[in-house]
Amino acid sequence: MTAATLPTVQGKLTPNAPLAPLVWFKSGGAAEWLFEPKDLADLQGFLRDLDPAVPVMALGLGSNLIVRDGGVPGVVVRLGKAFAKVSRCADLTLDCGAGASGILVSSTARDNGIAGLEFLRSIPGTVGGFVRMNGGAYGGEVKDVLVDCDVVLRDGSLRTLPVEALHYTYRHSELPEGAIVVGARFKGRPGEPAAIQAEMDRISASREASQPLRSKTGGSTFKNPDGHKAWQLVDEAGCRGLTLGGAQVSEKHTNFLLNTGNATSAEIEALGEEVRRRVKDKSGVELQWEIQRVGTCARAPDDKRVGNK
């Protein structure tokens, strides 16, 4: 796929674009093409005119993502500042661009006296990722506050989907295949800015105390199975501090994987699979990945390097 075969854009199209700097793990290969649209019309026109056979993937903050070492074929779409605005649009409701961070959404809610969105402060990602994954933490989930969302479909058309159309379950939605979230409306409840800020501070302090926030990580690795906490199952299986090459299970929070230096994505993913195997052997519970894994593999890591630190 060459530049000549791609639609003309107003934004930025970069061939063979390294993705490691754009994801929290700081590992993985390149995007065949990285597209940063100027605005909504630019995105719509590009998708409308792009060969339907070319795969397209949206990338937010890259906080819940393993990009495999072989890179990502097709086009990776990264929404920039044009999609990062948040404003009040109705009583207790915020209109949020898909590129806006959880911190910006919750802070804007506070400034407008809107409670119930504080939990978004704790999710390291953007609105687009929250909506796709039914992001949640500290007792809140997107399904509880989402009114509707705007998506651009693979053919370039724009649709607004009510929350009911997404059929949310735990960390899962039924967004149309290939759809890119470009905006969403969140509705909270009346609240006092000081009380909202206090709750945000409590959440922030709790995260700081319990999670390895200053490490190269991908956030929560596995979904919590029914009746269980993933971190506890991992800990009981003896995986705290487990290493494979440059990848390690966090000693601070065992549902986090770390890149301790120059780990490959293959090492990080293989360590996760080793954790899943040990948990299954110990408890009979089969952990499911919460982190998204995309792209193609470059090589298989040497499993003999698995060990406890």
Side-chain angles (χ1 to χ4, degrees), residues 18-30 57 59 61-73 123-125 129 133 135-137 170-172 207 210-309:
L19 293 178
L22 305 181
V23 300
W24 280 33
F25 271 124
K26 304 303 178 191
S27 68
M57 184 195 91
L59 174 66
L61 289 185
S63 57
N64 193 240
L65 191 68
I66 293 174
V67 174
R68 292 181 172 128
D69 300 305
V72 179
I123 308 176
M133 289 293 294
Y170 176 60
R171 301 295 177 269
H172 178 75
R207 287 187 72 228
S210 64
Q211 299 175 12
L213 301 181
R214 306 189 190 287
S215 304
K216 291 185 284 188
T217 183
S220 295
T221 305
F222 304 109
K223 299 177 182 180
N224 288 322
D226 288 342
H228 299 277
K229 294 186 182 298
W231 75 264
Q232 192 168 20
L233 292 170
V234 174
D235 203 17
E236 291 172 351
C239 296
R240 183 180 293 268
L242 190 68
T243 62
L244 192 159
Q248 180 186 0
V249 177
S250 171
E251 295 181 355
K252 188 172 186 179
H253 192 309
T254 52
N255 198 26
F256 283 65
L257 299 181
L258 309 178
N259 176 356
T260 63
N262 296 307
T264 63
S265 289
E267 289 171 342
I268 296 168
E269 186 172 0
L271 179 60
E273 290 296 340
E274 175 65 13
V275 169
R276 293 180 72 233
R277 184 189 69 77
R278 294 191 184 198
V279 168
K280 181 70 181 295
D281 288 348
K282 173 70 174 179
S283 65
V285 177
E286 191 161 332
L287 291 176
Q288 300 299 317
W289 284 91
E290 182 170 328
I291 287 178
Q292 301 296 294
R293 294 153 295 145
V294 300
T296 58
C297 299
R299 64 176 182 82
D302 182 359
D303 288 346
K304 293 178 182 178
R305 290 176 293 160
V306 177
N308 284 91
K309 192 172 181 179

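- Between Arg276 and Glu286, some side-chain heavy-atom pair lies under the 4.5 Å cut-off.
- Contact between Asn64 and Ser220 at its shortest, heavy atoms only, is ND2-O, 3.6 Å.
- Rounded to the nearest 0.5 angstrom, Trp24 CH2 and Leu65 CG are separated by 12.5 Å.
- Evaluation of the side-chain contact (heavy atoms from CB on, under 4.5 Å) rule for Val285 yields Pro225, His228, Leu233, Ser283 as partners, not counting sequence neighbours.
- Put simply, CD on Glu251 and CG on Asp235 are 10.5 Å apart, with the number rounded to the nearest 0.5 Å.
- Distance alone, capped at 3.5 Å, is enough to place a donor-acceptor pair between the Asn224 side chain and the Ala230 backbone.
- Under the rule for a ring-ring contact (aromatic ring centres under 6.0 Å, His included), Phe25 has no partner lying at least two apart in sequence or in another chain.
- To the nearest 0.5 Å, the span separating CD1 on Ile66 from CD on Glu267 amounts to 11.5 Å.
- Side-chain atoms of Thr296 and Arg68, non-hydrogen and from C-beta on, never get closer than 4.5 Å to each other.
- Contact of the Leu59 side chain with the Val23 side chain is registered, since non-hydrogen atoms from C-beta on lie closer than 4.5 Å.
- Contacts of Arg293 classified as side-chain hydrogen bond (donor to acceptor under 3.5 Å, both in side chains), with partners at least two apart in sequence or in another chain: Glu269.
- For the pair Pro212 and Ser250, the tightest heavy-atom approach, listed with the atom from each and the gap, is CG-OG, 3.6 Å.
- Among residues two or more places apart in sequence or in another chain, the side-chain hydrogen bond (donor to acceptor under 3.5 Å, both in side chains) test is passed with Ser27 by Ser265.
- Looking only at side-chain heavy atoms (C-beta outward), Leu257 and Val249 come within less than 4.5 Å of each other.
- Taking CG of Asn262 as the start and NZ of Lys216 as the end, the distance is 6.0 Å to the nearest 0.5 Å.
- With sequence neighbours excluded, the residues forming a side-chain contact (heavy atoms from CB on, under 4.5 Å) with Lys223 are Tyr170, Arg171, Gln288, Glu290, listed by chain and number.
- Side-chain contact between Leu242 and Arg278 is present, with at least one heavy-atom pair separated by less than 4.5 Å.
- Once rounded to the nearest 0.5 Å, the distance linking SG of Cys239 with CH2 of Trp231 reads 13.5 Å.
- For the side-chain hydrogen bond (donor to acceptor under 3.5 Å, both in side chains) test, residues two or more places apart in sequence or in another chain that qualify with Asp281 are Arg277.
- In the displayed structure, Lys252 atom NZ is contacted under 6.0 Å by more than 12 heavy atoms of other residues, nucleotides or ligands.
- Ala270 approaches Leu244 most closely through the heavy-atom pair CB-CD1, 4.0 Å.
- The distance from the CG atom of Leu258 to the OG1 atom of Thr217 is 5.0 Å, given to the nearest 0.5 Å.
- Ring-plane geometry between Phe222 and Trp289 is classed as tilted, the angle between the planes lying from 30 to 60 degrees on a 0 to 90 degree scale.
- Between Leu271 and Thr243 there is no side-chain heavy-atom pair separated by less than 4.5 Å.
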